[in-house]
Amino acid sequence: MDCILTIDINTSAVRIHAFDLNGKVLGMRKGSYPTFHPQADYSEQDPEQVFITTLYVLKNFLNEQIHPQKYKVQAICFCAAMHSVLAVDKNGRPLGNAVIWADNRAIKQSKMLKNSPEGNSIYNATGTPIHPMSPLAKIAWMQHQDPERFNQAHKFISLKEYIILQLTGEYLVDHSIASSTGLFDIHQLQWNARSLSFAGIDKEQLSTPVSIYFDEVGLKKEYYKSLRLASTTKVILGSSDGCSATLGSGDIRHKRATVTIASSGAVRVAGKEFLVDEQQRFFNYLLADDYYVSGGPSNNVGVAFDWFTQQFGNFHQGQEFEQVREELIRDAVYVPAGAKGLLFLPYLLGERAPIWNANARGVFFGLNITHEPKHLLRACVEGILLEMYSIGKLLSTQRSFDSISLTGSYASVPLFAQILTDIYGLPVQVNTTVDSIAQGTALIALTQMGYFSGLEEASASTHFTGTYSPDEQNHDLYMRYFEVFERLSGKLEEEFEMIAGLQ
């Protein structure tokens, strides 16, 4: 049987799926790697560790499941998290760790650009909000704060590009990942001169931008051999995780929003037109075929719940982290909506949409003498999802939607899905049989290979396994809580900056 493989290089792990040529999942393997926070506002990953983990998982998956069942791999398609930056020397060797999306050290550079005449022009051309998350700001920070590494750098690439480089020997970046850098003109499909000038680099220091369907390069000979793959196996560059998740979550023509809850989170809509916003609160990333994926991202979703698990979970008898996290989720079900008047602002890593404040910090608000740990637990879950609603509420002023597709690693958790539908007051659909990012990546590969006529047909082939409906009483309650949540997030702006300075 013929199959394709998808490789998703995500924030906390690499996930490799096998699909048949009808888009059905045949199997999956996962391998994790850590994120390092050497200082406040720093978030880094070791590129060698990411690559070695990817190669190890791929080789084991092939040897233990794909080859024994006589599957023939026709293509490998890639996907990855956005906004990472890695400086490499002329031999492609990393100059330190990769700086990932959650890194906020470029606050000064992003503020300076956003408040300049150039800022609005760059945002309109690139579709990427000017914020410390963007590679544009990260490279500018390196130029001024780490000039030794900056001057040694031959190229500035993402973690996905580094994996592609190691496997193929070529510097290539797909239009989707490029469109999330703040350096790429999404209208002209080329590197933006004003962005390059601000970052202090030229276009030769970036990879060659190509379509998400690009397949004109193969694996290095040694990898075809060691992985026992035919030399005819295609390497398809693929997309970013956000664009793949939106594609894999349903018909991209439908009036539906996609909410992703994983390490980070986002609320997205797809369409032929990008969203125009003078306050630069939305991203507009390029998928393909003139499709834009627009919306707002959050730094603090799974990350915030993982933090709560680590700090307050009961790690007894050598329990694994995921077991403890599952216990906490089960416990949260039995706490009534509203957590007895307790709110949580989940801004542990600053925040992107909708407040775009890298200095924002986490807050438990409303604590009184009657509150117990279980109320903090429930407030943590609700705070994460109120933040996702705050993005959706803003997005709905630009693009209407009447249902939600829930994707990401928490999409299979009924509690998260039910609270999300209660908060939004809209039906929430989930697919618990396949990861939407992997599904979307597979659809890109199958479209490129001619099994679908285009992305609309490919996206329409997806199915949902369940639908959650809102409880009107809970929705009314959460709207009262959200009013306080939203007001606090805005009123504390000055205090956030003061405490960030002290930290």
Side-chain angles (χ1 to χ4, degrees), residues 37-43 101-116 119 129-134 137 141 145 264-267 277 279-282 296-308 310-312 338-371 373 375-394 423 478-503:
H37 305 283
Q39 300 181 43
D41 289 327
Y42 281 49
S43 295
W101 57 266
D103 195 281
N104 282 324
R105 71 187 78 176
I107 293 175
K108 180 179 178 181
Q109 286 71 28
S110 58
K111 277 188 175 181
M112 180 173 63
L113 179 58
K114 189 167 186 176
N115 294 328
S116 73
I130 296 169
H131 182 270
M133 72 173 184
S134 75
W141 178 91
Q145 300 300 321
S264 61
V267 184
D277 182 55
Q279 298 181 56
Q280 304 179 23
R281 294 170 295 180
F282 303 115
S298 169
N299 284 359
N300 304 277
V301 188
V303 164
F305 196 74
D306 286 355
W307 166 83
F308 188 93
Q310 194 67 55
Q311 304 307 319
F312 300 103
K340 205 175 179 179
L342 186 61
L343 273 173
F344 176 56
L345 306 188
Y347 308 138
L348 304 182
L349 290 173
E351 191 51 286
R352 291 182 283 176
I355 62 174
W356 294 101
N357 186 351
N359 287 322
R361 293 294 184 264
V363 176
F364 277 104
F365 181 79
L367 275 170
N368 64 45
I369 199 70
T370 68
H371 283 126
H375 298 115
L376 275 71
L377 167 62
R378 178 78 184 205
C380 179
V381 176
E382 293 176 341
I384 290 166
L385 298 175
L386 285 168
E387 164 61 4
M388 301 310 292
Y389 175 74
S390 69
I391 300 171
K393 181 187 176 188
L394 180 64
I423 292 175
Y478 282 131
M479 288 303 92
R480 293 162 61 192
Y481 275 75
F482 178 72
E483 182 180 0
V484 182
F485 181 96
E486 189 174 42
R487 291 175 66 177
L488 280 173
S489 298
K491 284 186 175 181
L492 291 176
E493 182 176 1
E494 188 175 329
E495 288 76 13
F496 283 149
E497 185 166 356
M498 291 171 67
I499 201 67
L502 291 172
Q503 290 177 353

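- Heavy-atom minimum distance, E387 versus P346: CB-CG, 4.1 Å.
- In F365, the CZ atom is not crowded: 12 or fewer heavy atoms of neighbouring residues, nucleotides or ligands sit closer than 6.0 Å.
- Remark: the backbone N or O of N359 is paired with a side-chain donor or acceptor of R361 at under 3.5 angstrom.
- Atom-to-atom distance recorded for F305:CZ and I384:CD1 is 7.0 Å, nearest 0.5 angstrom.
- When each of R487, R480, E486 is tested with E483 by the rule side chain to side chain contact (heavy atoms under 4.5 Å, CB included), just one qualifies, namely R487.
- Closest non-hydrogen pair, P132 versus A358, comes out as CG-CB, 3.9 Å.
- Within a 6.0 Å sphere centred on CG of L502, heavy atoms belonging to other residues, nucleotides or ligands number more than 12.
- Residue M498 holds its CE atom at 6.5 Å from CD of E495, rounded to the nearest 0.5 Å.
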(request) Show your working on side chain to side chain contact (heavy atoms under 4.5 Å, CB included) between F364 and L376 and close with a plain yes or no. (result) CA-CA 8 Å; F364 277 104; L376 275 71; 4.0 Å; yes

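- Remark: the backbone N or O of G341 is paired with a side-chain donor or acceptor of Y481 at under 3.5 angstrom.
- When all heavy atoms of M388 and S298 are compared, the pair lying nearest together is SD-CB, 4.1 Å.
- Closest heavy-atom contact between Q109 and W141: OE1-CD1, 3.4 Å.
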(request) Run the numbers on L394 and F282 for side chain to side chain contact (heavy atoms under 4.5 Å, CB included), then give the verdict. (result) CA-CA 9 Å; L394 180 64; F282 303 115; 3.6 Å; yes

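- Taking the side chain as every heavy atom from C-beta outward, Y42 and D103 approach each other to under 4.5 Å.
- Nearest heavy atom pair, residue S489 against residue L345, reads OG-CD2, 4.0 Å.
- Under the 30°/60° scheme for interplanar angles, the aromatic rings of H371 and H375 are found to stand perpendicular.
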(message) For Q279 and D277: C-alpha separation, side-chain torsions, deciding distance, then whether side chain to side chain contact (heavy atoms under 4.5 Å, CB included) applies.
(response) CA-CA 5 Å; Q279 298 181 56; D277 182 55; 3.7 Å; yes

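- Test N104, N357, N300 against E351 for side chain to side chain donor-acceptor pair (under 3.5 Å) and you get one pass: N300.
- For N299 (side chain) and L349 (main-chain N/O), a donor-acceptor pair under 3.5 Å exists by modelled atom type.
- Rounded to the nearest 0.5 angstrom, Q280 CD and H131 NE2 are separated by 12.0 Å.
- Residues L343 and V363 fail the side-chain proximity criterion, which asks for heavy atoms closer than 4.5 Å.
- Side-chain contact between L385 and Y478 is absent, with no heavy atoms from C-beta onward closer than 4.5 Å.
- Counting only distance, with no hydrogens or angles, the side chain of S134 and the backbone of I130 share no donor-acceptor pair below 3.5 Å.
- For the atom pair CG of D306 and CD of Q311, the computed distance is 11.0 Å after rounding to the nearest 0.5 Å.
- Taking CD1 of I499 as the start and CG of L492 as the end, the distance is 11.0 Å to the nearest 0.5 Å.
- Here the closest non-hydrogen pair linking R352 and W101 is NH2-CE3, 3.5 Å.
- Taking CH2 from W356 and CE from M133, the interatomic distance works out to 4.0 Å, rounded to the nearest 0.5 Å.
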(request) Kindly determine whether Y347 and F496 satisfy side chain to side chain contact (heavy atoms under 4.5 Å, CB included), including the steps that lead there. (result) CA-CA 10 Å; Y347 308 138; F496 283 149; 4.1 Å; yes

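- The aromatic rings of W307 and F344 sit parallel, their planes meeting at an angle under 30°, below the 60° perpendicular limit.
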